[in-house]
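Convention: sequence-line order gives letters A, B, ...; per-chain numbering from 1.
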Number of protein chains: 2
Amino acid sequence: MSRTPSSSSPAASAGAPGQSSVQPVQADPADPAAAAAAARAGEGPSIAGVAERAGVSVATVSRVLNGHDNVRPATRDKVLAAIDASGYRVNELARNLRTAESRLLLTMVPDFGNPFYAEIVRGIDTVARQHGYFMLLCDTGADPGRERSYFDMLRRRRADGAICLDPATIQQALGEASQALPWVACCEFDPAVGVPYVGIDNYRAAGDAVRHLLARGHRRIGLINSDVDYLYARQRQQGYLDALSDAGIEPDPRWRMNLNSLDYEAGATAAAALMQQPDAPSAIFAVSDTLAIGVIHGLRSVGKRVPDDVAVAGFDDISLAAQIDPPLTTIAQPMRELGETAARLLLQRLANPQANVPGVLLPHRLVVRRSA
Amino acid sequence: MSRTPSSSSPAASAGAPGQSSVQPVQADPADPAAAAAAARAGEGPSIAGVAERAGVSVATVSRVLNGHDNVRPATRDKVLAAIDASGYRVNELARNLRTAESRLLLTMVPDFGNPFYAEIVRGIDTVARQHGYFMLLCDTGADPGRERSYFDMLRRRRADGAICLDPATIQQALGEASQALPWVACCEFDPAVGVPYVGIDNYRAAGDAVRHLLARGHRRIGLINSDVDYLYARQRQQGYLDALSDAGIEPDPRWRMNLNSLDYEAGATAAAALMQQPDAPSAIFAVSDTLAIGVIHGLRSVGKRVPDDVAVAGFDDISLAAQIDPPLTTIAQPMRELGETAARLLLQRLANPQANVPGVLLPHRLVVRRSA
DNA sequence: TTGAAAGCGCTAACAC
DNA sequence: GTGTTAGCGCTTTCAA
């Protein structure tokens, strides 16, 4: 990642891309005019105060602030000096109203405590900041009501665009009313909604995981899935089903479980339950690493060794996956890139509202470790 | 995809701002005036459009919008109907400028991928939203430059207040220039900076952990610490040192390590290194659970069993701590409450800038599991 | 190259 | 109760 070799830090220029940096400077405590202006404004001087101090018009100050080049160097210096001396900071509330943009990007996640989302969010944040936007992170808890209310922030102009990681079912409902709103889908998407998206091929990825288990000689393979509200859950389930069928195995419904949570706890409980039945699976495919980690714990709690008694495969390849015992075999998703791509798609859509922004699928990868 | 003149969605067709075409949701596609107005406004009607439609003044609409009670019910209904029919949404950009507040709270964390911070952030978010604020999450990477630039958002009026979870050293530098800015410190704080804070008694907590190890019969106890830039790192180290001394043990410097990361990976590497030396510790106290989990992994990689060969204690009690093998003995921090309290302190400071907001210390708790 | 002035959409005095 | 109006601080024509 290359950085501008100037003195301004990357984030410092973030708020106002392409504008001259305003240095943090102590206001001159002995200047009565500045003091009066400050008192009037409640908080530091306004652009008018700077103009007065520099002996120019507000228009000129604005030009300098925004890095326009039609300002005589001498004038610019005067203005810069006045800005410096007064400790002026641009009021983004005013600028935002005037330019009719908030420079905020909304990111809606079902659960930002989940390490999988955390990494995606980081990708979004990086790209957003590179382009002078800030990211407003919203935890929806996958609740349609909250989802909808956050979405409304777009209409209220509180955010310029949104990235949605919530279930496709929710997006669908949202989509009907909001085709025209500037948003993109990440990980979860319904191509039918007609909204730009980025994700992976969940069907094939799940198949890859199951085929790996099959290659290891397993025939009774369990599936610990999340809520089927999620598109990925349905797609991965289908991938699992078809991979088994293709291997000539009739999938037993008793091997499958649907959970309404991705917590470690949920995985542990489910695994223990799975093992209760006769002819229990000799391998388990969990649709998320957090679930898989819980599964390993649950297995251990009922006296099963991993992978000797039961093999476990996860999904996502969060950083933790390599650290647990045994290290987790899993499907790696390019989390960072997922986030970065989502942000870029959104920015693209913002820059050119009528452009036809595509859906994109990123590659996944099977990572074989010791758990399966 | 081209723009469809027909079936315009309620939101899209909402407009006819500042003009008298009063009609139901469906805009007349053949009305050039409406089209022009919509194009000009770019996005839906303004308060003036609603006023016109309802046959009242903008002041009245504003009153209804803000729930003032000095509006005749009949009038209010008219206005509500007009709002409804036009699909009006308040423009918060304008409102924010007028009221001189952004209703955004900034939260600065060194690393939001860390589950410890994630839970705190959730606490902040909950309280913020209860009070009509949104939370802007900023990952500083504990970089002073980025820290400072985020801080400047307060001065640029982009956020109304901030909660800082970054190292105390950074806060100190910030504090000098920003005593007056509305912010509070969470977890990390320097009482000398004179800023409201919430945290725990790290010194005593670390002592509790070490005393537990001592009680288990360990004499050679290692410390895997983070960067001493963090106040908590220094406090926990002192707690560790004093607990050993109090037990009549001369702490060996070779038992201590300082890491510049809290990643699992870092803990694993450090633990492996610690074990290389003769007379290696029989117990390790890691100042964070993520580190401790890495430590367990690292120990295992050099053939040590936990807790039989080496006992491990962590700090934080993230949800994962109970799930790994062996389950982690750790110091529980009230993460959620930490976040909630921080948010409340900030809100309090915002509501009453000159009030003397206190520093508060929340209780911790030793959680004994199998790792030590 | 610079300045004057018109708003962006909203809230809140201040009148009536 | 309701309307009129003056800005909030900024950007951006349009003239000079």
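Toward the 5′ end of DNA chain D lies the nearest nucleotide of V71(B), the other residue of the pair A94(B) and V71(B) mapping further downstream.
Put simply, S46(A) has no side-chain N or O that comes within less than 4.0 Å of OP1 or OP2 on dG9(D). Between T75(B) and the phosphate of dT2(D), there is a side-chain N or O to OP1/OP2 separation shorter than 4.0 Å. In this model, the phosphate group of dT11(C) is approached by a side-chain N or O of N66(B) to a distance below 4.0 Å at OP1 or OP2. For R98(B), no side-chain nitrogen or oxygen approaches OP1 or OP2 of dA12(C) to under 4.0 Å. For dT1(C), the OP1/OP2 oxygens have no side-chain nitrogen or oxygen of R72(A) closer than 4.0 Å.
Listed nucleotides: dT12(D), dT11(C), dC10(D). Nearest to the side chain of L65(B): dT11(C). Nearest nucleotide to the side chain of S62(B), out of dC10(D), dT11(C), dT12(D): dT11(C). Of the candidate nucleotides dT11(D), dG3(C), dT4(D), dG3(C) has the atom nearest to the side chain of T60(A). You'll find that the side chain of R63(B) is closest to dC14(C), out of dT2(C), dC10(C), dC14(C). Relative to the side chain of A59(A), the nucleotides dG3(D), dG3(C), dG9(D) differ in distance, and dG3(C) lies closest. In this structure, of dA4(C), dT11(D), dC10(C), it is dC10(C) that holds the atom nearest to the side chain of I47(B).
Nucleotide dC8(C) holds its P atom 18 Å from the CG atom of N91(A), rounded to whole Å. The distance from atom CG of D160(B) to atom P of dC8(D) is 19 Å, rounded to the nearest whole Å. One atom, CG of L97(B), and another, P of dT11(D), lie 12 Å apart when rounded to the nearest Å. Taking atom NE2 on H68(B) and atom C1' on dC10(C), their separation rounds to 12 Å, with Å as the unit. When rounded to the nearest whole Å, the span between CZ of R157(B) and P of dG9(D) equals 9 Å. Distance, E52(B) CD to dT2(D) P: 19 Å, rounded to whole Å. Rounded to whole Å, atom P of dT2(C) lies 8 Å from atom NZ of K78(A). As a whole-Å value, the separation of L93(B) CG from dG9(D) P is 16 Å.
Between the side chain of T60(B) and the backbone N or O of V56(B) there is no donor-acceptor pair closer than 3.5 Å. Between the R146(A) side chain and the D139(A) main chain, a donor and an acceptor come within less than 3.5 Å of each other.
Note on E92(B) versus R156(A): salt bridge recorded, some NZ/NE/NH1/NH2 to OD/OE distance being below 4.0 Å.
Among the heavy atoms of the strands lying under 4.0 Å from V56(B) are primed sugar atoms or P, OP1, OP2 only; no base atom is included. Residue N70(B) is classed as a base contact, given a heavy-atom separation below 4.0 Å to a base.
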TODO: Please step through side chain to side chain contact (heavy atoms under 4.5 Å, CB included) for the pair L80(B) and D84(B), ending with a clear verdict.
DONE: CA-CA 6 Å; L80(B) 254 16; D84(B) 232 57; over 6 Å; no
- [ ] For the pair D152(B) and R89(A), evaluate side chain to side chain contact (heavy atoms under 4.5 Å, CB included) and give the outcome as yes or no after the intermediate values.
- [x] CA-CA 9 Å; D152(B) 216 43; R89(A) 291 293 190 297; 2.9 Å; yes
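Donor-acceptor pairing under 3.5 Å is lacking for the side chains of S102(B) and N96(B).
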